[in-house]
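Position 1 is the first residue of the sequence, and the numbers go up from there.
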Amino acid sequence: PTECFLSQPEEKQESTVKAKRRKKKKISDVLQKSAPKPGVPADLQNLLTQHFGENRSVIEIEELKLSDSCFLPANDLTHSFSSYLKEICPKWAKLRRSHKEKKSVVMLVLCSSALRSLELIKSMTAFKGDCRVIKLFAKHIKIKEQMNMLEKGVFHIGVGTPGRVKALVEEDALCLNSTKYMILDWNWRDQKLRRMMDIPEVLYKHLSML
């Protein structure tokens, strides 16, 4: 009986050690506890410098830098998407009416996936009014179909992924000369709590497009 009594605590101790080993902190757990921070211009500038720094000269890196005047205030995480767009673009109705050019958009919204693009299109209803929105992502939509739509019609807002937007620009199907606003879906996180800039393939295509 004494031996049995002594062996029981040892078994419990071993099981607790194993339990502790199993409960390692994951990146998602750390991100979940950390408070979200709105993006700032320096975040994008740092990404550009890190990405192109090894292959560009100092002068070329300087040319890549954007002045702070190029950036509008970021969403401070208190706005809905529509209310944020209304704040940064108060004269949207006028811009929308004056836009008549094909193969172009006034506002370009970039995000990490097709599903997120659809969510943003739904959430901007209060802002966009009766303007035309085009989906610029690859899921279930062929690039030729998007090229035809851009060539034949006038669209005010484009919402999509950097990869498809980059491909359309390279094919001369989308011209950015009329684009006044480029919105980056910076703060949103997917199921793995990754932002669009935390996904390597999205980040690469986005920076290449810029």
Asker: Are E201 and K205 within salt-bridge range, i.e. N to O under 4.0 Å?
Answerer: no
Asker: CZ of F71: more than 12 outside heavy atoms within 6.0 angstrom?
Answerer: yes
Asker: What distance do M147 atom CE and K152 atom NZ have between them, rounded to the nearest 0.5 Å?
Answerer: 12.0 Å
Asker: Answer yes or no: is there a donor N or O on one side and an acceptor on the other, between the side chain of E171 and the main chain of L168, under 3.5 Å?
Answerer: no
Asker: Hey, could you give me the CD1/CD distance between I61 and E54, rounded to the nearest 0.5 Å?
Answerer: 10.0 Å
Asker: E101 and V154: which non-hydrogen atoms are nearest, and at how many Å?
Answerer: O-CG1, 3.9 Å
Asker: Tell me, do S104 and T179 make a side-chain contact under 4.5 Å, heavy atoms counted?
Answerer: no
Asker: Please examine the side chains of D190 and R195, heavy atoms only from C-beta on, and report whether any two atoms are closer than 4.5 Å.
Answerer: no
Asker: State yes or no: do V159 and V165 share one hydrophobic cluster built from I, L, V, M, F, W and Y residues joined by side-chain heavy-atom distances below 4.5 Å, directly or via other members?
Answerer: no
Asker: If you define the side chain from C-beta out and look only at heavy atoms, does anything of M149 sit under 4.5 Å from K144?
Answerer: no
Asker: Minimum heavy-atom separation for G153 and K102, please, with both atom names.
Answerer: O-CG, 3.6 Å
Asker: Taking K122 first and then E119, would you say they form a salt bridge - that is, a charged N and a carboxylate O separated by under 4.0 Å?
Answerer: no
Asker: In terms of hydrophobic clusters joined by side-chain contacts under 4.5 Å, are L108 and L207 together?
Answerer: yes
Asker: Measuring only between side-chain heavy atoms, which start at C-beta, is L120 closer than 4.5 Å to D185?
Answerer: yes
Asker: Any link between I157 and I134 through a network of hydrophobic side chains (Ile, Leu, Val, Met, Phe, Trp, Tyr) touching at under 4.5 Å?
Answerer: no
Asker: Using a strict threshold of under 4.0 Å (side-chain N to carboxylate O), is an ion pair present between D130 and R96?
Answerer: yes
Asker: I'd like to check L110 versus H206 (side-chain heavy atoms, cut-off strictly below 4.5 Å). Are they in contact?
Answerer: yes
Asker: Any idea which heavy atoms bring I143 and A167 closest together, and the distance?
Answerer: CD1-CB, 3.8 Å
Asker: Are L176 and L66 connected into the same hydrophobic cluster when the rule is that any two of I, L, V, M, F, W, Y join if their side-chain heavy atoms are below 4.5 Å apart?
Answerer: yes
Asker: For S82 and S80, which I'm curious about, is there any donor-acceptor pair between the side chains at under 3.5 Å?
Answerer: no
Asker: Could you walk me through whether E87 and H79 pass the side-chain contact (heavy atoms from CB on, under 4.5 Å) test, one step at a time?
Answerer: CA-CA 9 Å; E87 183 176 290; H79 285 281; 3.0 Å; yes
Asker: As a quick check of understanding, evaluate side-chain contact (heavy atoms from CB on, under 4.5 Å) for M182 and V109, giving each step before the final call.
Answerer: CA-CA 6 Å; M182 182 182 285; V109 182; over 6 Å; no
Asker: Rounded to the nearest 0.5 Å, what separates atom CZ in R189 from atom CZ in R194?
Answerer: 11.5 Å
Asker: Quick one: closest heavy-atom pair of A126 and K86, and the distance?
Answerer: O-CE, 3.4 Å
Asker: Does the side chain of P162 reach to within under 4.5 Å of the side chain of V202, using non-hydrogen atoms?
Answerer: yes
Asker: Let me check something: do Y181 and V133 share a hydrophobic cluster, defined by ILVMFWY side-chain heavy atoms less than 4.5 Å apart, either directly or through other members?
Answerer: yes
Asker: What closest approach, in Å, do C89 and L95 show between heavy atoms, and which atom pair accounts for it?
Answerer: SG-CD1, 3.9 Å
Asker: Please report the shortest heavy-atom distance between I141 and K135, naming the atom on each side.
Answerer: CD1-CB, 3.9 Å
Asker: Starting at CH2 of W188, measure out to CG of N75 and round the result to the nearest 0.5 Å.
Answerer: 15.0 Å
Asker: Rounded to the nearest 0.5 Å, what separation is found between the CZ atom of F81 and the CE atom of M124?
Answerer: 4.0 Å
Asker: May I ask you to say whether K142 pairs ionically with E145, meaning some side-chain N is under 4.0 Å from a carboxylate O?
Answerer: no
Asker: Would you mind reporting whether F52 and L64 have side-chain heavy atoms less than 4.5 Å apart?
Answerer: yes
Asker: So, do I199 and Y204 sit near enough that their side-chain heavy atoms are less than 4.5 Å apart?
Answerer: no
Asker: Under the criterion side-chain contact (heavy atoms from CB on, under 4.5 Å), I'd like the reasoning laid out for F137 against S113: C-alpha separation, chi angles, the key distance, then a yes or no.
Answerer: CA-CA 8 Å; F137 49 78; S113 67; over 6 Å; no
Asker: Report yes or no: is the cationic atom of R132 (NZ for Lys, CZ for Arg) under 6.0 Å from the centre of the six-membered ring of F155, at an angle within 45° of the ring normal?
Answerer: yes
Asker: To the nearest 0.5 Å, tell me how far S208 OG sits from E170 CD.
Answerer: 8.5 Å
